[in-house]
Amino acid sequence: MKILVLNGPTLNLLGTREPHIYGTTTLAEIERDLMTVGAELGVTVVCAQSNHEGELIDRIQAAHGDADGILINAGAYSHTSLAIRDALAAVALPYAEVHLSNIFAREPERRHSTLAAGARAVVCGFGAPGYALALRGLVAALRA
Ligand code: DQA
């Protein structure tokens with residue numbers, strides 16, 4: 001089993017970006033943790049990050065026939081991007097949406113996700129550990 005982990009804009013700056021909201025764990029540390037969890041679960045984890053909507057869409061499209069599921073934190077695109085939602089719908093891969101912060105407890109414009117309705121599950125508000133929780137949940141759902 002192979003899971004694509006996709007992070008969107010400005011998540012490359014985790015660690016120093018608004019640490020009071022997103023914590024101090026870097027994206028590299030999160031990805032390392034996911035690799036470890038993947039090894040424990042016997043799944044291949046492939047991680048990618050982009051600040052560009054089109055590149056995220058290209059990655060999603062490339063996952064078709066290659067990955068079994070997607071873990072995605074699309075960052076601010078989560079609130080706006082019909083294009084990313086369309087790409088996820090087109091490849092029809094089960095996906096889990098992750099957010100470090102509890103988007104429902106933040107500004108009104110962050111309280112809606114364009115991706116949530118199509119997601120197998122949404123994990124938000126647990127900070128960096130939320131990624132591993134989402135990975136475990138997605139793999140369990142795929143194996144059920
Ligand atoms: C985020 C929440 C988004 O509103 C924000 O634009 C991000 C990070 C989160 O992980 O909490 O970039 O997706």
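Numbering of ligands and ligand atoms starts at 1, following listing order. Heads up: numbering here begins at 1 and tracks the sequence.
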Problem set entry | Expected output: side-chain Arg106 to main-chain Arg111 donor-acceptor under 3.5 Å | no
For this session: Distance to 0.1 Å, residue and atom name: give those for the protein heavy atom nearest to atom 11 (O) of ligand 1.
Result: Ser101 OG, 2.6 Å
For this session: Starting from atom 3 (C) of ligand 1, find the nearest protein heavy-atom neighbour and note its residue, name and distance.
Result: His79 NE2, 3.4 Å
For this session: Check whether any side-chain N or O of Ser101 sits under 3.5 Å from a backbone N or O of Gly125 as a donor-acceptor pair, and report yes or no.
Result: no
For this session: For the residue pair Thr10 and Arg17, confirm or rule out a side-chain donor-acceptor distance under 3.5 Å.
Result: no
Exercise. Does Arg17 have a heavy atom less than 4.0 Å from any atom of ligand 1?
Worked result: yes
For this session: For ligand 1, find out whether one of its N or O atoms is nearer than 3.5 Å to an N or O atom of Leu100.
Result: yes
Problem set entry | Main-chain N/O of Gly75 paired to Ser78 side chain as donor or acceptor, under 3.5 Å | yes
Exercise. Do any N/O atoms on Ala76 end up under 3.5 angstrom from N/O atoms on ligand 1?
Worked result: yes
Exercise. Using heavy atoms and a threshold below 4.0 Å, how should the contact between Asn73 and ligand 1 be classified: side chain, backbone, both, or neither?
Worked result: side chain
Exercise. How far does OH of Tyr131 sit from CG of Asp33, to the nearest 0.5 angstrom?
Worked result: 11.5 Å
Exercise. So do Leu6 and Tyr95 actually touch side chain to side chain, heavy atoms under 4.5 Å?
Worked result: no
Seminar exercise, completed: of all protein heavy atoms, closest to atom 1 (C) of ligand 1 is His99 ND1, 3.7 Å
Exercise. Is the closest heavy atom of Tyr77 to ligand 1 under 4.0 Å?
Worked result: no
